[in-house]
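Everything quoted here is computed from the prediction, not taken from an experiment. Letters A, B, ... mirror the listed sequences (proteins, then strands); counts begin at 1.
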Amino acid sequence: MSAQEKVKINKLPTGVPGLDEIVGGGLPEFSFNIIAGAPGSGKTTLAHQFVFANATAERPALYFTVLGESAIKMLRYQQQYTFFDPTKLPGAIRFINLSQVVLEKDLGVVLEEIAKEVEKANPAVVVVDSFRTMVRKPQSDMDLQSFIQRLALFLASWQATTFLIGEYAEDELRDNPIFTVADGLFWLRQTAERNSIVRKLQIVKLRGQDSVPGLHTFRITDSGVQAFSRTFGLTGHVRNQPSRRRLSFGIPELDKMLDGGVREGDSVLVAGSSGTGKSVLATQFIAEGIRQGEPGIVAVFEERPQAYAERAASLGLDLDAPQKDGKLAILYLRPLDLSVDETMHSILDAVQKIGAKRLVIDSLAGFEMALSPGFRADFRESLYRMIFALTGIGVTILSTVEVDESFTEFPFSTYSISFLTDDIIRLRYISIDGQLRKIMVVIKMRGGNHAKDIREYEITSKGVVILGERLISYQALISGLPVLSGRSNPQDEPPHRAEEKSPHVQTLE
Amino acid sequence: MTIHLKTQDLARRLLSYEAETGKFSESMESATLRVYEKLRQGLGAFAGVAAFESLASRALALAKPEAPSLGATQIAADGSIRGLGKFKSQIDNDKNQTGDDHGVILIARLLGLLFVFLGEALTLSLLRVQWPSTVFDDHS
């Protein structure tokens, strides 16, 4: 069969933000779908969003309610959502109660009743909520399977896209003949993990379309169900070609250490213990970007945006004006029950809105703590997906991470995420001459010939300032407890840059 | 305008419409019955007989203290109203109220419940299916 002869399946908008991408562009027209899940998992709300997105006066939606929640109560609550448009009722969306028929008659009569209403209204969408209550009536499986099969056949013939809503437990998924009939099976899960609720959505099957596999987190807000695809809405997006451009920190000496600056599209990790100036460095990176006309985003988890901007102001960096000008967004991501996918969605929205080129995540520890406990287990994997997706669209990411200061080790991160980063800048305290001073070293720079110098720096009213030349008078600087080497002339030392890694530094890859 | 005044005004409009569109001069209880039956048919199909019966019973319970002549009125299991005609004789004993008032009180109470549960906008959308939009003109 040639391509021209192939039937074209129209894709209908689901009305659920994020879900169209997950189902492969929209819901197949005339498909027969089941939305399954436990009570309170958002099944009815999801169906309502689809109905409100697709019903018209010419091709209305018929919403059959059976036993369970009455239409009055259902609508009382559903109209609280922003997608609810009361003017669509009862012209474009018609609720029909079948409780009496279900209670008093058999499934054959129920089918006749549905058929009668469908033939009368010529609907584009049909919902039966909840069809599971019909299932619980004593009858053989064959009766029910036959009913579902006839219903599916009838509604497809009448060119209706259908949703059956049912309450199902996880273990009922297997070997259920009803699910065999369905073209699409949407499974909504809601689990309590410690004190958090985690909601996940899975497209168990969807005939004829390439849906995004796996479990996708979703949230129910005033706007209804919002789904967060594991691909972050970037399905089919072609990765940007790596750039040769270097981005400045606004600290000339550090730029030199980085062989001219951070390569555009890199993921940079700034690691250090508390008070070493990670956030200061991150703020300078963002501020320099804005100065050079590169909009930026700062995702903060541990303090409010205003506090962040005030701290920047104390370093002479104005973050208020660029926020007003739309050049900077400081995102304070609600520190409760977040999923990485939701965070990513907020960041991507901001990236697209202001055309951001630089992103600061301050900090990874705060980010992790903001996640629901259930998502923390997947933090590394989620972070990998997030960094891959963002750098793929050309955003340069700088993440800060707090590491425990040790005088026997030189760790880069408590998360074992070094492999996720292209560049690592390590900050640490050292004890010299009865003072607690700070040093900085570029540990890693993928594809770049970075300096291997260890430089002392201070945090001043102008931010991070790198002092003098590299510290050649001491050995074992990265131990935090250096000893005098007796050398003082830099000319006696190895060259400023070298291809070899420092013997003091642990292997990263 | 409070919800109570709004629903009373709306009930009057519906009753007036039904009274005026009757083929011959009808008693007010007939108009009340017609409004009630339209609501029963529409809401019964929409929400189910049991849901309508519950609402109607609650409306009647709320209306009775304001309209003692509704004392003998009852709501059947299928949501239909019984004993509505009996209030005519009782009205004669209550010189302060007319049959109009009793019908308005009952229907207003039913509409009031719909306003409470569904909200004004959605209730009016549902009513517009059974009554022409002119009935709702200037209703706010």
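- Contact between A:Arg76 and B:Leu118 at its shortest, heavy atoms only, is N-CD2, 4.4 Å.
- The shortest non-hydrogen separation linking B:Phe46 to A:Leu75 is CZ-CD1, 3.1 Å.
- For chain A, the nearby part of B:Leu55 is the side chain; its heavy atoms alone come within less than 4.5 Å.
- Between chain B and the options A:Gln79, A:Gln100, A:Arg94, the largest number of non-hydrogen pairs under 4.5 Å is found for A:Gln79.
- Separation of atoms OG1 (B:Thr123) and CG (A:Leu89) is listed at 11.0 Å; rounding is to 0.5 Å.
- Within a 6.0 Å radius of CZ in A:Arg189, more than 12 heavy atoms belonging to other residues, nucleotides or ligands are found.
- More than 12 heavy atoms of other residues, nucleotides or ligands lie within 6.0 Å of CZ in A:Arg59, so this atom counts as buried by the packing criterion.
- Heavy atoms closer than 4.5 Å to chain B are found in the side chain of A:Phe84, but not in its backbone.
- Most heavy-atom pairs under 4.5 Å with chain A, from the set B:Gly48, B:Ala50, B:Ala45, B:Gly119: that is B:Ala45.
- If you measure heavy-atom distances from A:Thr87 to chain B, the contacts under 4.5 Å come from the backbone alone.
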Between A:Asn97 and B:Phe52, does the side chain to side chain contact (heavy atoms under 4.5 Å, CB included) criterion hold? Intermediate values first, please.
CA-CA 11 Å; A:Asn97 187 278; B:Phe52 180 80; over 6 Å; no

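- When every heavy atom of B:Ser125 is checked against every heavy atom of A:Pro90, the shortest pair comes out as O-CD, 3.1 Å.
- Heavy-atom contacts from other residues, nucleotides or ligands closer than 6.0 Å to CD of B:Gln74 number 12 or fewer.
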